[in-house]
Structures are given as C-alpha cells and as structure tokens.
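Here's the structure we're looking at; comments come further down.
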Amino acid sequence: MNSWGEGFDRPLIIAGPCSAETEDQLYETAKALSKSGVKIIRAGVWKPRTRPNSFEGMGLEALKWIRDIKQELNVKFAVEVGNPQHVQEALYHKIDILWIGARSTVNPFTVQEIADSLKGVDIPVLIKNPINPDPSLWIGAIERLYLTGITKIGAIHRGFSTFNKTRFRNPPQWKIPIDLKKTFPDIPLICDPSHIAGDRNMIFEISQKAADLDFDGLMIEVHKDPDSAWSDAKQQVTPAKFEDILQKIKFRDPTSENKEFISHLEELREKIDHLDQELYEVLSERMKLVDQIGFYKRDNNVTVFQKNRWKEISDSREQWAKNLGLNVEFMEELFKMIHQASIRRQEVIMNREEAEEEASNE
Ligand code: PEP
Ligand code: MN
C-alpha cells in the first residue's frame, strides 16, 4: 500500500496527448483510450516550450473541452501546471491530477509558489524529475509539496538532458528514481517512456524496463494522429499502438532481491554504455587524425606504410597492454584491425589524388 490508499490501481496508467490541440483531437484520443480501459487521461494545456514562438498550449479553451469530455467519458484528467495561475484555473475546471514538469522541478521558487497555491487543497500531484540529474532538486520538490499538506504525491521519471548524443531524447538514469523510492517508499513511481525515448519505437522497451524495475505506473503520450501532432510528434503513439504496447508489457511482481539485482545491473550497464560511447568517440578522433596524416603524407610524397613506424607502434602498444593488465594477444589483434582500417583510409586519400590528377591530365 502506498500513500494514495485503497483507490490506487497498480499499475497506474496515464495516457493521452502531449498537448490538447483541438476539441476533436482530445475527444477522439480520450474516447479510444477510455475504450482500452484507461481511466486517467493526460493532456498538456500550457506547454513549457524551450524556444519562443512554438505552440504554447490552448490554455483555458482546452480546460473547457476537458470539463465536457470528463463528463461524457467518465475519465479523470491530469494536466501540467507551471505557476499559481495554472493551479487556480485547473482547480476551477475540476482537473483531477496535477503534474509539475521537468523544467519547473529545477526551480525551487516555482515549486514553492505552486505548493503555496495548493494550501488547503488535497489533489494528487505528480512531480517529474528535474531536467538535470540532481536528486536533491527532486527530493526538495517532493518535500515542498508534502509540507503544503498534499498527501497524494507521485514521482515521474522522464529521463535527464544530456549534451551527449544518445539513442534517447532524455537518457534514463534508473538509479536516481530507485534511490528516490528508498527515500520515499510510499510514493508511487511512474515512468514516462515518451519523454525518455523521444521516439515511438522505443516506448515498449522502456516501459518493460520500468515494469521490471518495479515502477508503479506509466505515463505515455498517445495521439489520435501522432504524425500531425503540434508537439512531440515523433514520440506519440496511436491509441491502437498504445493498447498493443500495454498488452505486451509484463508487469511482474519482483522479489526485493530481484529488484536490487536488476537495478544494480542497470547501473553497471549504464556505465558500460558510457565507456563504449567514449571508446567510439576516441576512435572517431583517431580516424580524423589518421586522415590528417594521410593528407600530410600525400602532400609530401611519402608512402602510407612505414616499417619503422609500425615496429615502434607495436612495441609501445604491447607494453601498454601489459601495464594495463590487458590480454596482449587480444590487444594485438584489435590494434592490427584499427591500424589496417587506418591504412585503408590513407590509401583512399592517396588514390583520390591520383584520380584527380588523371582527370586533370585528360
Ligand atoms: C510533457 O509531459 O509534455 C512535458 C512537457 O514533459 P517534461 O516536463 O518531462 O519535459
Ligand atoms: Mn510532450
């Protein structure tokens, strides 16, 4: 049992469009989701856009559509609030669940203002992780809401911004939400695979991982026509695809031992991914240098392969392998491949010049 009490369905499923765009888009999406058994619809009404002059949400107009759709379909609605005025308008329009977005969680002033505007109201509030991987900001936001008197709080893991190119839009760092759950064992932990992925093809895989890590729920972006969405088009799925994903996810009941194991494994895998990425980056830098040397050799009429240099290279690399405790034969083989690939690149550079010369002689 968590702090939400008896009424909490596990897994807690929240689905709906990134943004409420038109009454028809919201109604059709919500209707299809409700048919699949979804009881809580999400919809962005005010959109925190990174750059100005993007679509910033339909505001009050959307709240009116929501009020009508709630009645018609008998569903609950969750919306993001970014300031006290949003809170006031959302409460006035009987929104059931509020959430604080990643761009607000980073700012203690904003979180405090939202918390203050909720004094005396007990509405469930979900708090997304801050955009940067600072667990204290997330913890601080939860504490501010608790101190206000909110009793039903949930935490949403939506991944963290990064400058590195990764296959995720906001790479997850599973250890952070799992540690948060240790600090606040009664808080339901929800995963938002849509903002983690940024790509609809990865929603299932991330959702399954969250289920394996014993998350209590999912928030997934669903749009009746994702490709024409006004925000986050690439990561939204159709209601049919959503139903398919949800049916495929196995919500297991892991033992606590199992959970620890998965979480630790995940942590180690994240480190490996990071190191592999660095390895690739180093190789790419190396190839750029190889090309530079290739051009230099070409312009000075020097052969690509030079015996002395190769001897020097293999001796030093063998010594490095020994010093670093690496298998010498394996490293020799690996390095030969790297060296051969480098020579091939330089040969291409040399031959390109010959071809250019021939062409100019014709
Ligand atoms: C959203 O849920 O549409 C949203 C803006 O998410 P986040 O705060 O995680 O970026
Ligand atoms: Mn979105």
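FYI, side chains are in, hydrogens and waters are out, and symmetry mates aren't considered; it's all heavy atoms of this structure. Ligands are counted one by one from 1 in listed order, and the atoms in each one are counted from 1 as well. Numbers for residues simply follow the sequence, beginning at 1.
Close contacts between ligand 1 and Arg103 involve ligand atoms 7 (P), 8 (O), 10 (O) [criterion: under 4.0 Å to a heavy atom]. Below 4.0 Å from some heavy atom of Gly101 lie the following atoms of ligand 1, by number and element: 8 (O).
Using bins of under 30°, 30° to 60° and over 60° for the plane-to-plane angle, the ring pair His339/Phe335 lands in the parallel bin.
Nearest protein neighbour of atom 4 (C) of ligand 1, counting heavy atoms only, is His195 NE2, 3.5 Å. Among all protein heavy atoms, the one lying closest to atom 5 (C) of ligand 1 is Glu80 OE1, 3.7 Å. Shortest contact from atom 8 (O) of ligand 1 to any protein heavy atom: Ala102 N, 2.9 Å.
Leu283 and Leu324 fall within a single hydrophobic cluster, where Ile, Leu, Val, Met, Phe, Trp and Tyr are joined by side-chain heavy atoms under 4.5 Å apart, directly or via other members.
Nearest N/O/S atom of Asp232 relative to the Mn ion (ligand 2): this is OD2. Taking the Mn ion (ligand 2) as reference, the nearest N/O/S atom within Glu221 carries the name OE2.
The 12-atom threshold is not exceeded at NZ of Lys39, counting heavy atoms of other residues, nucleotides or ligands nearer than 6.0 Å. Shown here is Gln88, whose CD atom has no more than 12 heavy atoms of other residues, nucleotides or ligands within 6.0 Å.
Considering Val125, Leu98, Ile142 as possible partners of Ile150, the one that fulfils the side-chain contact (heavy atoms from CB on, under 4.5 Å) test is Val125.
Relative to atom 6 (O) of ligand 1, the option among Lys128, Arg42, Arg158 with the closest non-hydrogen atom is Lys128.
Our summary of the site lists the angle at the Mn ion (ligand 2) between NE2 of His195 and SG of Cys18 as 170°, to the nearest 10 degrees.
A distance-only check finds a donor-acceptor pair linking the side chain of Thr29 to the backbone of Lys224 [under 3.5 Å].
A salt bridge between Asp122 and Lys152 is absent, with no side-chain N of the basic residue lying under 4.0 Å from a carboxylate O of the acidic one.
For the pair Cys18 and ligand 1, a heavy-atom separation below 4.0 Å is found.
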